[in-house]
Amino acid sequence: MVQLRRQICGSFLNQLQPNIRWSSSLQIRDKKVIQPERSFRFADLSVRLAGPERLQPKPDVKNLTFGKYFTDHMLKIFYHEALGGWQAPEIVPFENLVLHPASKVLHYAIQLFEGLKAFRGVDGKIRMFRPDMNMSRMNSSAMRLGLPTFSGEELVKCCNRLIGIDQEWVPHSTASSLYLRPTMIGIDPTLGVASSESALLYVILSPVGSYFKASEAKDGVSLLADPRYTRAWPGGCGNYKVGSNYGPTIYVQREAVERGLQQVLWLYGEDDEVTEAGTMNIFMFCINDDGEKELITPPLTSSLILPGVTRDSILGLAREWNQFKVTERKFCMSEVCHLLSENRLLELFGAGTACIVSPVSYVEYAGRSLHIPTMTHSNPVYKMFLNRLTDIQYGVVPDHPWMITIE
């Protein structure tokens, strides 16, 4: 029945005339609420397993790099307003996508994605880390792009089933994990710049190792801070996880690499406000003007900063520990340089799903070489966060509320 509906849908969509419009109550455009009752449902999920001839060999955990290998199955969920909204979710063998050449994703970047991980714990159980936050952010991005929203709880259940099917792809290692990439794209076969009447939500899985090379993790990451380039601006989409935020950064990233640096420290405005580091949120640990140790990260109030899940987790841990002041506020390169000159800048580090916590040891800014003492401390704060987060993720800390066990 599912296959028949898909065939009917494909045939029907190819015959659509540009002047025909539909008005389905299932589509959410400008509403600031998610309506779970109008979502697809896990109860309708169908599964089509890959035959033995299509199963891929598992890579050696030592050879894992980020996003190179993919598991045997994927989750696909279509949305067609003409057919009433969300269709039944299905797990199918991993396959290429077939898109109409006029699909909105190909012309107007009507695309969003998420990144989260599942971990095989020291007790053998597989757990996802805070998927509810990724679902909330994904729905926020969908509303910004005119794509349909959905129940995050239902998608988490579908992902749970997908991971269960491909569970042998979850590395048996506390240095590796399974990366989930939920993606939603506009697939309308028209060139009009408008909200999508048809969309595809899919999830693929990839076993991954460390994001940075061992030498980079040991020595710290080096950053290029060039005021000529801006990642995001007030009123823009920097606080949404959409592909159009990332494509334009590749040119600058390449320039950083050509200078022998690993990543870009993104600045904004005439005062060179610090925003993000590569694809990571940025944190500064310092001694403030009152002589207190203080952890500072840019706020989420200006559309410049992606609301990172790891960022939120670090702030939560820091406030729980209550060992130093924790502040979300703007800071600029002039403050970074001033604190460094007075030996009050203790650490800079990035945080994100892919890298977890990554120390920064060097910044090239306005012709100056800034050597950050992050790696010189015997018990740096960044490592405290990294150790605690990995203990939670790999089940060393049992039954933590941030972890969802895969059934």
Side-chain angles (χ1 to χ4, degrees), residues 61-62 64 66 114-135 156 159-160 163-164 167 169-180 205-214 216-221 277 279-285 293 295 297 307-326 346-360 374-407:
V61 68
K62 298 177 182 178
L64 290 177
F66 188 81
E114 274 299 323
L116 62 155
K117 286 181 176 178
F119 304 82
R120 190 180 297 276
V122 294
D123 55 2
K125 294 181 180 180
I126 301 173
R127 302 175 179 87
M128 277 190 285
F129 181 70
R130 307 194 75 180
D132 56 318
M133 292 198 68
N134 294 94
M135 298 301 102
V156 170
C159 289
N160 189 319
I163 296 170
Q167 61 183 283
W169 285 85
V170 184
H172 293 257
S173 166
T174 55
S176 306
S177 56
L178 185 72
Y179 183 80
L180 287 73
L205 310 177
S206 175
V208 297
S210 299
Y211 189 78
F212 292 110
K213 297 177 181 178
E216 295 172 346
K218 178 182 177 181
D219 300 330
V221 175
T279 60
M280 303 178 288
N281 292 120
I282 187 74
F283 285 83
M284 178 171 70
F285 188 57
K293 288 185 177 180
L295 181 70
T297 195
V309 177
T310 308
R311 173 190 182 277
D312 183 84
S313 304
I314 287 174
L315 290 173
L317 290 174
R319 287 164 177 150
E320 176 187 325
W321 295 342
N322 197 29
Q323 296 180 11
F324 39 77
K325 186 176 181 180
V326 181
L346 304 177
E347 301 176 39
L348 282 179
F349 58 89
T353 295
C355 67
I356 309 178
V357 181
S358 183
V360 175
T374 310
M375 312 297 293
T376 63
H377 309 288
S378 58
N379 188 30
V381 163
Y382 89 84
K383 189 168 287 187
M384 291 170 55
F385 287 122
L386 178 60
N387 291 341
R388 183 61 175 178
L389 284 171
T390 53
D391 281 351
I392 291 171
Q393 291 167 342
Y394 289 101
V396 176
V397 179
D399 303 320
H400 196 280
W402 286 347
M403 304 306 294
I404 303 298
T405 302
I406 303 301
E407 302 298 337

task = Go through Val397 and Arg388 one step at a time and tell me if the side chain to side chain contact (heavy atoms under 4.5 Å, CB included) criterion holds.
result = CA-CA 9 Å; Val397 179; Arg388 183 61 175 178; 3.5 Å; yes
For Met403 and Ile392, what are the C-alpha separation, side-chain angles and deciding distance, and is it a side chain to side chain contact (heavy atoms under 4.5 Å, CB included)?
CA-CA 8 Å; Met403 304 306 294; Ile392 291 171; 3.8 Å; yes
Note to self: Before you tell me yes or no, could you show the steps for Ile163 and Leu180 under side chain to side chain contact (heavy atoms under 4.5 Å, CB included), namely the whole-Å CA-CA distance, both residues' side-chain angles and the distance that decides it to 0.1 Å?
What the structure shows: CA-CA 9 Å; Ile163 296 170; Leu180 287 73; 3.8 Å; yes
Derivation of the side chain to side chain contact (heavy atoms under 4.5 Å, CB included) call for Leu116 and Met133 = CA-CA 10 Å; Leu116 62 155; Met133 292 198 68; over 6 Å; no
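In this structure, the ring of Phe283 has its center no less than 6.0 angstrom from the ring center of Phe385.
Side-chain atoms of Thr297 come within 3.5 Å of backbone atoms of Ile282 as a donor-acceptor pair (strictly under, hydrogens ignored). Checked by atom type and distance alone, the side chain of Lys125 never pairs as donor or acceptor with a backbone atom of Ile406 at under 3.5 Å. Using a distance-only test at 3.5 Å, with no hydrogens or angles considered, no donor-acceptor pair links the side chain of Lys293 to the main chain of Phe285. In this structure, Glu347 contributes its side chain and Pro380 its backbone to no donor-acceptor pair below 3.5 Å. Between the side chain of Thr374 and the backbone N or O of Leu348 there is at least one donor-acceptor pair closer than 3.5 Å. Ser358 contributes no side-chain N or O that, together with a main-chain N or O of Gly350, makes up a donor-acceptor pair within less than 3.5 Å. At least one donor-acceptor pair closer than 3.5 Å links the side chain of Asn387 to the backbone N or O of Lys383.
By the side-chain hydrogen bond (donor to acceptor under 3.5 Å, both in side chains) test, Asn281 is found to be paired with no residue, residues two or more places apart in sequence or in another chain being considered. For Phe66, the ring-ring contact (aromatic ring centres under 6.0 Å, His included) partners at least two apart in sequence or on another chain are Tyr179, Tyr211. Partners of His377 under the ring-ring contact (aromatic ring centres under 6.0 Å, His included) rule, at least two apart in sequence or in another chain, do not exist in this structure. Partners of Leu386 by side-chain contact (heavy atoms from CB on, under 4.5 Å), not counting sequence neighbours, listed by chain and number: Ile356, Val357, Thr390. With sequence neighbours left out, Asp123 forms a salt bridge (Lys or Arg N to Asp or Glu O under 4.0 Å) with Arg127.
A distance of 10.5 Å separates NE2 of His400 from CD of Gln393, quoted to the nearest 0.5 Å. In this structure, OG1 in Thr174 is found 12.5 Å from CZ in Arg120, a value given to the nearest 0.5 Å. Here SG of Cys159 is found 11.0 Å from CD of Glu114. Values are rounded to the nearest 0.5 Å.
Of all heavy-atom pairs spanning Leu178 and Trp169, the tightest one is CD1-O, 4.0 Å. Scanning all heavy atoms of the two residues, the minimum distance from Thr353 to Gly115 falls at OG1-O, 3.4 Å. In terms of heavy atoms, Ala354 sits closest to Lys117 at O-NZ, 3.1 Å. Here the closest non-hydrogen pair linking Leu64 and Pro171 is CD1-CG, 4.0 Å. Met375 approaches Tyr382 most closely through the heavy-atom pair CE-OH, 3.5 Å.
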If you look only at distance, which donor and acceptor atoms sit under 3.5 Å apart when one is on a side chain in residues 312-319 and the other is two or more places apart or in another chain?
from: Asp312; atom 1: OD2; to: Arg130; atom 2: NH1; distance (Å): 3.0
from: Asp312; atom 1: OD2; to: Arg130; atom 2: NH2; distance (Å): 3.2
from: Ser313; atom 1: OG; to: Arg130; atom 2: NH1; distance (Å): 2.9
from: Ser313; atom 1: OG; to: Val309; atom 2: O; distance (Å): 2.8
from: Arg319; atom 1: NH2; to: Glu328; atom 2: OE2; distance (Å): 3.0

